Amino acid sequence: MDQVNSFQGRRIVLGVCGGIAAYKAIELCRQLVDAGAFVSVVMTESSKEFVGEATFSALSSEAVWSSLFAEQDPIPHTRLGQAADLIVVAPATARLISAYATGYSHDLLTNVLLATRAPVVICPAMHTEMWEHPAVQDNLKILSQRGVHVVDPEEGRLAGGDIGSGRLAGTERVLEAMRGVLSSSTPSGEVRGDEILEPSASGLHGLNVLVTAGGTREPIDPVRYIGNRSSGKQGHALAEEALARGAAVTLVTTTQIATSPAITCVSVDTAQEMHDAVMSRSATADGIVMAAAVADFAPSQIATEKLKKSDGAPMLEMHPTIDILAALGSCKPNGQTLVGFAAETQDVRENAERKLKDKQADILVVNDVAAPGVGFEFETNEVAILCAASEDRFVPLTDKRSVAAVVLDVVVSTRSAQEPVPSSGE
Ligand code: CTP
């Protein structure tokens, strides 16, 4: 089957920073040009220590830029930023990430990044110690909360022969992330002057969406935990669907399911870790979907050594976990849409209505997990979507991606119903 060429006719700015991985940007540039994209390369001064301007000039269809004060165009940063359908920075160094996060526009690339409304994909590459440094991680968190798509680096051999995480993501992963972002965004040809295009009725363009997925695991000892049967498939389907609709997506998940590179994944295990990961990102989220099955109780003591059978059945003392959805509902900022899930086996409707109200959610998606083919572990689901502000929806048994599509349709319609009606001015 022919794959749609997402790059044909698209205007891409390829930012290249000074790191050993700069040579890999050459292959990225070549593949984009081969796919029909108009590629403008913006090099930082230090990138020229690693690759030559002439290499990119020979490959790319457009001029190569590196100075804010280029003779051919006195203000290249605004022109490049306004015309771009997408900006990708590969490799992105710790310095570029820091400058972009703080708005420090000291060179052409940082100016272009600040002077654009186009989606941005950042592909960090650096030594493991730098990659893991809290300063770098905090800056990346700021950027992803602003809707920047981050393609995490990979494990492998680094400069100087060290092995660890920090190697630039492979070209195919970078291209896949760019395709994901482009498939949901508007071509630059439709932007005129300062006019801002409205998002499509089914779209989540420019919104930050936070999704949780999977069942939490509460440890008893180093090898055992209390878990539940949630597979995380519905949460992952929601994250992929939100990405396809143009959102910048953060997925807090307990599973190892592969996701699109443009989704920012945060791995957690316990209810407390999920709580911390969600609450630290919630303030800037336009929509939060709590699809995870969060444990209600956790063992109060975690044995440091494996409990031995010969010592007899352990008496576990448990304590209640924090209800993340209820915590989010109690401090929900204006304009945020909060979606909860409920898996029920009896009194489905009553329980769902109570949870919607008690947890102050806008939408509650409920399934009867006792029904065949529904919920945990299955590829399919059947749900009722209860809405605090509008009519309920019922989604008969179907695949989880289709369920995700209807849930996000309800999110979009809830948001547009909440938007203030502009006055006619009369
Ligand atoms: N939830 C949560 N934090 C918890 C427990 C649940 O955020 N500690 C969220 C789930 O992610 C889901 C919703 O609350 O979106 C409902 O979860 P559910 O387990 O069905 O409800 P509970 O409040 O735990 O009620 P019960 O166990 O009595 O059914």
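Counting starts at 1 for both ligands and their atoms, in listed order. Values in this document were obtained by computation on a predicted structure and should not be read as measured data.
In summary, the side chains of T255 and H236 do present a donor paired with an acceptor at a separation below 3.5 Å, with no hydrogens or angles considered. Counting only N and O atoms by type, the side chains of T380 and E382 include no donor and acceptor under 3.5 Å apart.
The closest approach between a heavy atom of A292 and any atom of ligand 1 is below 4.0 Å. Judged by the shortest distance from any of its heavy atoms, T212 lies outside the 4.0 Å radius around the atoms of ligand 1. Within the structure, the closest approach of A295 to ligand 1 falls below 4.0 Å when heavy atoms are considered.
Close contacts of ligand 1 with I322, meaning ligand atoms under 4.0 Å from a residue heavy atom, involve 3 (N), 4 (C), 8 (N). Proximity to T321 (heavy-atom distance under 4.0 Å) selects the following atoms of ligand 1: 8 (N).
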Problem set entry | Step-by-step side chain to side chain donor-acceptor pair (under 3.5 Å) determination, S260 to E240 | CA-CA 7 Å; S260 298; E240 298 290 350; 2.5 Å; yes

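Residue V294 places no N or O, backbone or side chain, under 3.5 Å from any N or O of ligand 1. Where the criterion is an N or O separation shorter than 3.5 Å, residue side chain and backbone included, F341 meets it with respect to ligand 1. For a threshold of 3.5 Å applied to N or O pairs, the pair formed by K359 and ligand 1 contains at least one separation below that value. Residue A293 places no N or O, backbone or side chain, under 3.5 Å from any N or O of ligand 1. The shortest N or O to N or O distance between A342 and ligand 1 is not below 3.5 Å. Considering backbone and side-chain N/O atoms, G340 never comes within less than 3.5 Å of an N/O atom of ligand 1.
Note that SG of C265 is 8.5 Å distant from CG of D152, once rounded to the nearest 0.5 Å.
Nearest heavy atoms, A352 versus L386: CB-CD2, 3.7 Å. When all heavy atoms are compared, the tightest approach of C17 to A22 is O-CB, 3.7 Å.
Proximity of I324 to ligand 1, defined as any heavy-atom pair under 4.0 Å, is shared by backbone and side chain alike. Neither the backbone nor the side chain of N351 comes within 4.0 Å of ligand 1, counting heavy atoms alone. Under 4.0 angstrom from ligand 1, the non-hydrogen atoms of D323 come from both its backbone and its side chain.
Geometrically, R217 engages Y225 in a cation-pi contact, judged by NZ or CZ lying under 6.0 Å from the ring centre and within 45° of the ring axis.
When only non-hydrogen protein atoms are considered, atom 9 (C) of ligand 1 lies nearest to L325 CB, 3.8 Å. The shortest contact between atom 5 (C) of ligand 1 and any protein heavy atom is with D296 OD1, 3.3 Å. Nearest non-hydrogen protein atom to atom 18 (P) of ligand 1 is K355 NZ, 3.6 Å.
The backbone N or O of G335 lies less than 3.5 Å from a partner atom in the side chain of R415, making a donor-acceptor pair. A distance-only check finds no donor-acceptor pair linking the side chain of H127 to the backbone of E129 [under 3.5 Å].
Counting only heavy atoms, the protein never gets under 4.0 Å from atom 28 (O) of ligand 1.
Paired with N351 under the rule side chain to side chain donor-acceptor pair (under 3.5 Å), one option of E353, R349, R354, K355 passes, and it is R354.
Side chains of S46 and R95 form a contact here, defined as non-hydrogen atoms less than 4.5 Å apart.
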